[in-house]
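Below is one structure, written out as structure tokens; comments come after it.
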Amino acid sequence: MTIPSYVGFDLETTGTDPESARIVTAAVVEVLHGSVVRSRTWLVNPGVEIPAEASRVHGVSTERASSEGMDPGRATAEIAGQVCQVLNSGGPLVIMNAPYDLTLLDRECRRYGVTPVTDMLAAQPAAVVLDPLVLDRHVDPYRPGRRTLQALAEYYKVSLTNAHEASADAEAAVRITDAILNQAPDEIGLSRTTRHAQVQGRELSELHLMQQLWHAAWAAGYQDWVRRTRRTAVVVPGDWPVTAHPQEQSLAA
């Protein structure tokens with residue numbers, strides 16, 4: 001599949017829970033025929049303390065964000081506007097672990113009176129999101145090891161020299177996705193049977209829908225495994241590419 005243009009998106013945040021974490025940095029990176037042609041980044045004052053463990057990951061302290069960062073409402077509106085523009089274009093928006101970034105952005109939009117991501121997607125049924133985590137889990141489900149962005153970059157031979165810097169992560173996500181969709185298994189040194197043929201050559205709209213099914217199946221299986229092995233009633237959301245807001249979940253129930 002030859003996709004001339006991808007747009008990568010990444011957030012670095014205050015924490016791991018998309019329901020409560022806030023945006024600290026964001027990036028939108030367009031890659032055209034293999035070259036970066038546009039990159040937009042934001043440094044945001046999240047309005048809350050950035051925990052030390054989060055600062056150690058992305059390198060942004062509360063002091064720097066407070067003194068140099070944009071107002072969070074204005075930043076959220078700009079970031080959401082860029083995301084909406086890509087979704088409306090019909091071109092692929094590439095996000096590693098999309099349910100985290102898009103859910104967090106959705107909640108920030110609701111916090112600051114910006115059109116939520118769920119509404120953007122509902123208004124544009126032709127929108128396409130590509131998630132290298134979902135794609136990789138499907139095409140190579142039995143590969144041992146972690147599936148972090150850094151691990152996938154190493155596996156697919158993609159350069160990632162500044163991990164957890166938003167623009168570097170967004171670009172790496174694009175290049176990993178392109179490798180999954182275009183490289184033959186023997187090009188990446190595979191000696192086992194994989195499902196790469198199931199994603200290569202597919203229409204983008206079809207891939208978007210298939211990822212919804214694949215993520216839901218993975219989430220159900222993982223939830224079942226955790227409940228059986230750890231004896232805990234954990235809930236693993238199966239929504240993709242964004243988790244419905246709790247109020248919308250209640251209405252649906």
Side-chain angles (χ1 to χ4, degrees), residues 3 5-18 21-46 48-70 72 75-76 78-80 82-83 86 91-105 108 129-137 145-183 188-189 241:
I3 303 173
S5 176
Y6 300 86
V7 178
F9 175 62
D10 184 71
L11 298 176
E12 299 297 325
T13 69
T14 60
T16 59
D17 181 358
R22 306 297 179 90
I23 298 171
V24 177
T25 63
V28 172
V29 177
E30 183 177 1
V31 177
L32 178 64
H33 297 297
S35 298
V36 174
V37 295
R38 180 173 68 94
S39 180
R40 174 76 190 277
T41 61
W42 292 262
L43 173 63
V44 183
N45 176 2
V48 298
E49 289 286 321
I50 302 174
E53 56 268 31
S55 292
R56 283 193 292 270
V57 171
H58 51 60
V60 180
S61 65
T62 300
E63 293 73 24
R64 181 186 169 203
S66 297
S67 62
E68 302 176 24
M70 288 179 62
T76 296
E78 288 190 6
I79 296 165
Q82 290 287 311
V83 168
V86 179
L93 178 66
V94 179
I95 312 170
M96 173 72 178
N97 192 17
Y100 176 79
D101 290 65
L102 287 186
T103 300
L104 194 152
L105 179 60
E108 288 277 56
V129 177
L130 297 177
D131 185 336
L133 177 58
V134 174
L135 293 170
D136 180 68
R137 278 180 181 148
R146 304 181 70 193
R147 295 182 194 259
T148 63
L149 184 68
Q150 289 169 283
L152 294 189
E154 181 178 357
Y155 184 73
Y156 287 101
K157 299 179 174 61
V158 168
S159 176
L160 177 56
T161 57
N162 196 13
H164 299 296
E165 190 279 320
S167 61
D169 284 4
E171 181 183 348
V174 164
R175 298 193 185 282
I176 292 165
T177 299
D178 187 66
I180 293 171
L181 296 181
N182 291 290
Q183 287 184 353
I188 48 180

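Of all heavy-atom pairs spanning L130 and P92, the tightest one is CD1-CB, 3.6 Å. Of all heavy-atom pairs spanning W42 and Q82, the tightest one is CH2-CG, 3.7 Å. Closest non-hydrogen pair, S55 versus I50, comes out as OG-CG2, 3.3 Å. When every heavy atom of L11 is checked against every heavy atom of D101, the shortest pair comes out as N-OD2, 2.8 Å. Of all heavy-atom pairs between A170 and A27, the closest is CB-O, 4.4 Å. T62 and E49 get closest at one heavy-atom pair: OG1-OE1, 3.5 Å.
The side-chain contact (heavy atoms from CB on, under 4.5 Å) with F9 is formed by just one residue from the set I79, V174, V29, V86; it is I79.
We find the CZ-CG distance between R146 and L152 to be 10.5 Å, quoted to the nearest 0.5 Å. Rounding to the nearest 0.5 Å gives a distance of 10.5 Å between CE of M70 and CD1 of I23. Between atom OG1 of residue T177 and atom CD1 of residue I3 there is a gap of 8.5 Å, rounded to the nearest 0.5 Å. Distance CG/N97 to CG/L102: 10.0 Å, rounded to 0.5 Å. Taken to the nearest 0.5 Å, the CD atom of E108 stands 5.5 Å off from the CG atom of L104.
A 4.5 Å side-chain heavy-atom check between R22 and V44 finds every atom pair outside the cut-off. At a threshold of 4.5 Å between non-hydrogen side-chain atoms, the residues P132 and V94 count as touching. Side chains of I95 and P241 form no contact here, defined as non-hydrogen atoms less than 4.5 Å apart. Side-chain contact between I176 and L149: present, with at least one pair of heavy atoms (C-beta onward) separated by less than 4.5 Å. At least one side-chain heavy atom of T14 sits under 4.5 Å from a side-chain heavy atom of P51. Two residues are said to be in side-chain contact when any heavy atoms from C-beta on lie closer than 4.5 Å; T41 and T25 fail this criterion. Between Y6 and L181 there is a side-chain heavy-atom pair separated by less than 4.5 Å. Between S5 and V37 there is no side-chain heavy-atom pair separated by less than 4.5 Å.
The side chain to side chain donor-acceptor pair (under 3.5 Å) check on S167 picks up E165, with sequence neighbours excluded.
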Quick one, D169 with M96, criterion side-chain contact (heavy atoms from CB on, under 4.5 Å). Give me CA distance, side-chain angles, the key distance, then yes/no. CA-CA 8 Å; D169 284 4; M96 173 72 178; over 6 Å; no

Set out, in order, the CA-CA distance, both residues' side-chain angles and the distance that settles side-chain contact (heavy atoms from CB on, under 4.5 Å) for Q150 and L160, then state yes or no. CA-CA 7 Å; Q150 289 169 283; L160 177 56; 3.9 Å; yes

Run the side-chain hydrogen bond (donor to acceptor under 3.5 Å, both in side chains) test on D136 and Y155 for me, step by step, so that the C-alpha distance in whole Å, both residues' side-chain angles and the decisive distance to 0.1 Å come before the verdict. CA-CA 11 Å; D136 180 68; Y155 184 73; over 6 Å; no

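Between the side chain of H58 and the main chain of T13, a donor-acceptor pair closer than 3.5 Å is present. At distances below 3.5 Å, not a single donor-acceptor pair connects side-chain atoms of R64 with backbone N or O atoms of G69.
Judged as a salt bridge (charged side-chain N to carboxylate O under 4.0 Å, His left out), the pairs with a partner in residues 23-43 (not counting sequence neighbours) are, in order, E30-R38, R40-E78.
Around CD of E68, the count of heavy atoms belonging to other residues, nucleotides or ligands within 6.0 Å exceeds 12.
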